[in-house]
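Notes follow the structure.
A quick note: this is a predicted structure, and the numbers were derived from the prediction, not measured. Counting starts at 1 for both ligands and their atoms, in listed order.
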Amino acid sequence: MKQYHDLVKYVLENGNEKGDRTGTGTKSVFGYQMRFDLSEGFPMVTTKKLHLKSIIYELLWFLKGDTNTKYLTENGVRIWNEWADENGDLGPVYGHQWRNWASEDIDQIKEVIQTLKNNPNSRRMLVSAWNPSVLPDTSKSFSENVANGKAALPPCHAFFQFYVADGKLSCQLYQRSADIFLGVPFNIASYALFTMMMAQVCGYQPGDFIHTFGDAHIYNNHLEQLELQLSRDIRPLPKMILNPEIKDIFDFKFEDFTLVDYNPHPHIKGVVAV
Ligand code: FFO
């Protein structure tokens, strides 16, 4: 994962000192791109241990169209709790927009799969989580926004596009806001996994995952952690094996994913900006 280390170094060297919504302060750049050839291994950071279980359950949760944290917490995943209301609701976030856009019964995932199977040269294979009509009012709390039918948080990974060539499926994500220490390693692994799953159910080999950023930032309280991480040697990438029997994207279960040869350095703790 040289790509990730290059991103960290680039932001440390070129980042603007920038205040932010959470009051933490960041070093930030605008516009950056990474590319991962999925045939070279599964792009999971090796210079700190990542909690793959959270990544898999979060992706299955998006694909269910679920926007309540109950399913996540039942499976031991706490990464969305800070933003949910007292009932676990987050409002119309990712899962809702992917599977039931604007509550108009538009299933963007089903539609993009149809196009991937029937018209793979299409240049219209996009899924958007960015829905201006449900963006939160920043003067209100997370739960007040949810009570008003708004999303607790606007999507960070806002939209993605698929591309097929030479029998390989590639995916490009536009992420408007990227927390480089905590979020980005999750986001890379999540979309790499999603690309592999989509490739399998549509009958393609996995191609590239291209990660394009808007505001890519390092929070000031993650600087020591990243310094430690950069001092560690990068190890070979693990491999992800999907259960080959699964032919419908909505049939994947936690047990259908097997990661092999992941030998990371120890986990590094960091506080999440809320
Ligand atoms: N808020 C911030 N500040 N940064 C983010 O990346 C994000 N997210 C969503 C929404 N809000 C965000 C939540 N994603 C962790 C990882 C991803 C998150 C939120 C938190 C986290 O704390 N990771 C720890 C512990 C992992 C675990 O317990 O499973 C870690 O990786 O060490 C962006 O998508």
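Between H51 and ligand 1, at least one N/O pair is under 3.5 Å apart. Taking any N or O of H267, backbone or side chain, at least one lies under 3.5 Å from an N or O belonging to ligand 1.
Considering only non-hydrogen atoms, atom 24 (C) of ligand 1 lies nearest to L182 out of D20, I268, L182, L72. Considering N187, T22, V184 only, the shortest heavy-atom separation from atom 33 (C) of ligand 1 involves N187.
Between Y191 and F194, the ring-plane angle classifies as perpendicular under the 30° and 60° cut-offs. Ring geometry for W98 against F160 counts as perpendicular: the plane angle is over 60°, on a 0 to 90° scale with 30° as the lower cut.
Residues R99 and D66 are not paired through a salt bridge, judged by the lack of any N-O separation under 4.0 Å between the basic side chain and the carboxylate. We find that E13 and K9 are not joined by a salt bridge, their nearest charged nitrogen and carboxylate oxygen being 4.0 Å or further apart.
If you number the atoms of ligand 1 from 1 as listed, the ones under 4.0 Å from a heavy atom of D179 come out as 2 (C), 3 (N), 4 (N), 5 (C), 6 (O). Listed by atom number, the atoms of ligand 1 under 4.0 Å from W80 heavy atoms are 9 (C), 10 (C). Atoms of ligand 1 found under 4.0 Å from any heavy atom of V272, numbered from 1 in the order shown, are 2 (C), 3 (N), 20 (C). The atoms of ligand 1 that sit less than 4.0 Å from any heavy atom of G183 are 6 (O). Of all the atoms in ligand 1, the ones that sit under 4.0 Å from a non-hydrogen atom of L153 are 10 (C), 11 (N).
Ligand 1 lies nowhere less than 4.0 angstrom from a heavy atom belonging to C156.
Residue contacts with ligand 1, taken as heavy atom pairs separated by less than 4.0 Å, involve S54 solely via side-chain atoms from C-beta onward. At a heavy-atom distance under 4.0 Å, atoms from both the backbone and the side chain of I79 approach ligand 1.
A cation-pi geometry, defined here as NZ or CZ lying under 6.0 Å from the six-membered ring centre and within 45° of its normal, does not hold between K64 and F250. In this structure, K117 is not positioned above the aromatic face of Y204 in the sense of NZ or CZ being under 6.0 Å from the six-membered ring centre and within 45° of the axis.
Residues H157 and S190 bring no donor and acceptor atom of their side chains to less than 3.5 Å of each other. For the residue pair E58 / W80, a side-chain donor-acceptor distance below 3.5 Å is found, with atom types taken as modelled.
For atom 7 (C) of ligand 1, the nearest non-hydrogen atom of the protein is W83 CH2, 4.7 Å. Protein heavy atom nearest atom 26 (C) of ligand 1, with residue, atom name and distance: F186 CZ, 3.7 Å. Of the protein's heavy atoms, A273 O, 2.7 Å lies nearest to atom 3 (N) of ligand 1.
For Q3, the CD atom is densely surrounded, since the number of other residues' heavy atoms within 6.0 Å is greater than 12.
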